[in-house]
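In what follows, a structure is listed as C-alpha cells, so that the remarks can point back to it.
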2 protein chains.
Amino acid sequence: MIREACPTLAPQRREHIRLLVRESGVARVEDLRRELKVSVATIRRDLEVLEEEGKLRRVHGGAVSTENRLDEAVFDDKTNQFSKQKRAIAEEAYQLIGQEESLFLDGGSTTLCLARLLKNRNDLTVVTNSLRAAAELANSEPRVILTGGELRKISQTMVGPLTSAVLSQVRVDRAFMGTMGFCLKNGLTTTDPNEAFVKGLVAEQAVQVVLLADSSKAEKVSFARVSDWDKVDILVSDQKLPPIFTKSLPKRGLKVCVV
Amino acid sequence: MIREACPTLAPQRREHIRLLVRESGVARVEDLRRELKVSVATIRRDLEVLEEEGKLRRVHGGAVSTENRLDEAVFDDKTNQFSKQKRAIAEEAYQLIGQEESLFLDGGSTTLCLARLLKNRNDLTVVTNSLRAAAELANSEPRVILTGGELRKISQTMVGPLTSAVLSQVRVDRAFMGTMGFCLKNGLTTTDPNEAFVKGLVAEQAVQVVLLADSSKAEKVSFARVSDWDKVDILVSDQKLPPIFTKSLPKRGLKVCVV
DNA sequence: TTGTTTTTGATCGTTTTTGATAGAATTGCA
DNA sequence: TGCAATTCTATCAAAAACGATCAAAAACAA
C-alpha cells in the first residue's frame, strides 16, 4: 500500500504547522513529520504553501517564523529576484567609492544591494530617501541621514516638498540612482513624478551621478522624466546592455561599465 | 561517520551566536563550538554569514559585537519586556485619537505599540522621527511622513538640524511622546540632547501633547532635559504610577490616565 | 457504480550542509 | 627576529535535505 488513510485534512494540518512554527520560532521537517505522522514530502508541500502565504519562511531543514523582525520582513520580494545581476552591478559600483565620502542612495533593489555592501564602512556618510536602505543600514557602521518627507508606500521612498527641503541642505560626493527605464532619446524616466523630482534634484546637486540599471531597463520609457543623460556621469549595467548604449553614451561624456 | 544529524536549524544556530556575541561583546570560536556542539568549520561559516549581514565583526579567534548596547538596551528586548503594560497604555492613548487627525509619534516601544494600532486607519496622517514606527506603518493605511535627519542608531530615531527643519514645516493635532524618565521637579528627561531637542520642538508645536510612560520611568532623571510639565497635556501610565503624580499633575492642568 | 481530480508517499538524481584535513596566515613569546 | 601554537582558508567527501516525477489511494462528481 502506498498511501495510508489521511487522519487530518490538509488545511487543518497546515494550521497545525503554522502554530508550531510560530510558537517555537522554528520547526524541522523531521520533527513535523513525526508530530503529524505524514511523509516528509507532504510536510515540504505544506511548508511550500505556507511560505507562499507568507506564514513562515522555509530554510534548509525546516522553517522559521516570519512574525516580527523588521529588516527581513520588509525585503525579500524584488531583492532576490534578479539578485545576481544586481549584486554584480552593485559590487562594481562599490569600487567607485573612495574614503570618507558622502553618498546618496535612492530607492530600488540595486541600490539596496549596494547598501548591504556599505555596512562595514565607518568612514562613509549615506544620505537616502529609501526606507529600505535606511533599515538595511540601521544597525551598521556608516553614518545615515534620511531625507524625510512623505512615504510613498509602493516604493518605500520619501518624496515631496519636505524631501526637497532637506536635500537642499546637504551635498553628496556621489549619488547612486536607479531608474524604471532609460533610453537615448528620453534619458531616465520613472513612473511617479514626485519620485522623479527628487531624483532630478539629487542628480543636480551631486558631484558625480552613477546610474545603476540592469539591461532590462534599457529602451523602457515611463511617465515621469527624471533627467537627461548630461546629468549622469557613469552607467553601470550588465552585459546584455544593447550595444547602442555602449557606443553612444561615451560620446556624450559618460563612462559605461558592464559587468 | 562524517556528519551527525543536525539538531538545530542553521538560522536558529546563527541567531544563537548573534545573541551570545551581543551579550558578552565577544565570542571565541572554540567557546561557540562547545556551546553549540558543532564543528569549528560550521562556526566559522556562520560567523562569515553573520558578518555579511552586519550582525557582528569577525576577528582572529572569534567575533566581536557591532550592535552597540548601552543603557538604552536593545530595542527588541524592551519591546517584549513590559509589553503588556505598554500595550495597555497604547490602547488607552488610541482612544484619544479622533477622525482625520495628524499625529506625531516619537521613538520608544510604547509609541511603537501605538503605531501598530493605527495600521488600519486610512484617515490619519502620522509624522514620526522613529524609523521603527515608520517601518511598522510602511505597508499600512495611514499617510506617513518621516521627519528625516541623522539616524541615531541606538534609538533608531532621526535627530539633528535636518529633523528640526522638517518639523518646522508641519503641524500636528496630537503628539505622542515617550521619555526615559520623568519626575515632578525636572519634568521629562532623556539620555541624548539631540533626541531631547526634537522632542521639545514637537512638544512646542503640537496642539496636544500626550506622554506615554509606564511607571518604571517615574522618578527617573536622565541627562538631557526634554520639556517641563506645562507642555504636556495628558499623561497615560499604569496603576503603579506613584500617587504623587496623580495628585500633583492635575493641579498643573494635566490630565492623568492610569490603565 | 465509473471516470476524474486531488492528495499522498516513494524513488531518484541533485543540491546544500557539515566535518575533516592540509597548507597558509596570524598570534604570542622568547 | 625566529619559532611554536593557534587559527584561518580552501578543498573534498559523506550525510542530510531537496525538488521533480510518478503511481497508488482517496475524494469527488456524474
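Each chain gets a letter, A, B and so on, in the order the sequences are listed, and its residues count up from 1. Bear in mind the structure is a predicted one, so any value in this text is a computation, not a measurement.
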Charged N to carboxylate O below 4.0 Å: is that the case for Arg45(B) and Glu48(B)?
no

Whole-Å gap separating C1' (dT21(D)) and CZ (Arg45(A))
11 Å

When all nucleic acid strands are considered with a 4.0 Å heavy-atom cut-off, which category describes Val40(B): base, sugar-phosphate, or nothing?
nothing

Expressed as a whole number of angstroms, how long is the span from Arg33(A):CZ to dA17(D):P?
10 Å

Quick one: Leu32(B) CG to dT7(D) C1', roughly how many Å, whole number?
14 Å

Length of the CG-C1' vector between Leu47(A) and dT8(C), whole Å
15 Å

For Ala41(A) and for Gly62(B), locate the closest nucleotide of DNA chain D by heavy-atom distance; then report the residue assigned to the nucleotide nearer the 5' terminus.
Gly62(B)

For Glu195(B), is there an ion pair with Arg152(B) - N to carboxylate O distance below 4.0 angstrom?
yes

Check whether any side-chain N or O of Thr42(B) sits under 4.0 Å from OP1 or OP2 of dG19(C), and answer yes or no.
yes

With a 4.0 Å cut-off on N to O distance, would you call Asp233(A) and Lys255(A) a salt bridge?
no

For Arg58(B), which contact category applies under a 4.0 Å heavy-atom criterion: base, sugar-phosphate, or nothing?
sugar-phosphate

Quickly work out the Glu30(B) CD to dT7(D) C1' distance and round it to whole Å.
11 Å

Measure from CG on Leu36(B) to C1' on dT18(C) and round the result to the nearest Å.
14 Å

What I want to find out is whether Arg143(B) reaches Glu150(A) closely enough, with some N-O distance under 4.0 Å, to be called a salt bridge.
yes

Is there a donor and acceptor pair closer than 3.5 Å between the side chain of Arg44(B) and the base of dG19(C)?
no

In this structure, how many angstroms lie between the C1' atom of dT7(C) and the CZ atom of Arg13(A), rounded?
8 Å

Over all strands shown, is Val38(B) touching base, sugar-phosphate only, or nothing at heavy-atom distances under 4.0 angstrom?
sugar-phosphate

Here the distance between atom C1' of dT18(C) and atom CZ of Arg14(B), to the nearest Å, is 12 Å

When you get a sec, tell me which of dA20(C), dG9(C), dA17(D) is the closest nucleotide to the side chain of His60(A)?
dA17(D)

Verify, without hydrogens or angle tests, whether Asn129(A) (side chain) and Met158(A) (backbone) share a donor-acceptor contact under 3.5 angstrom.
yes

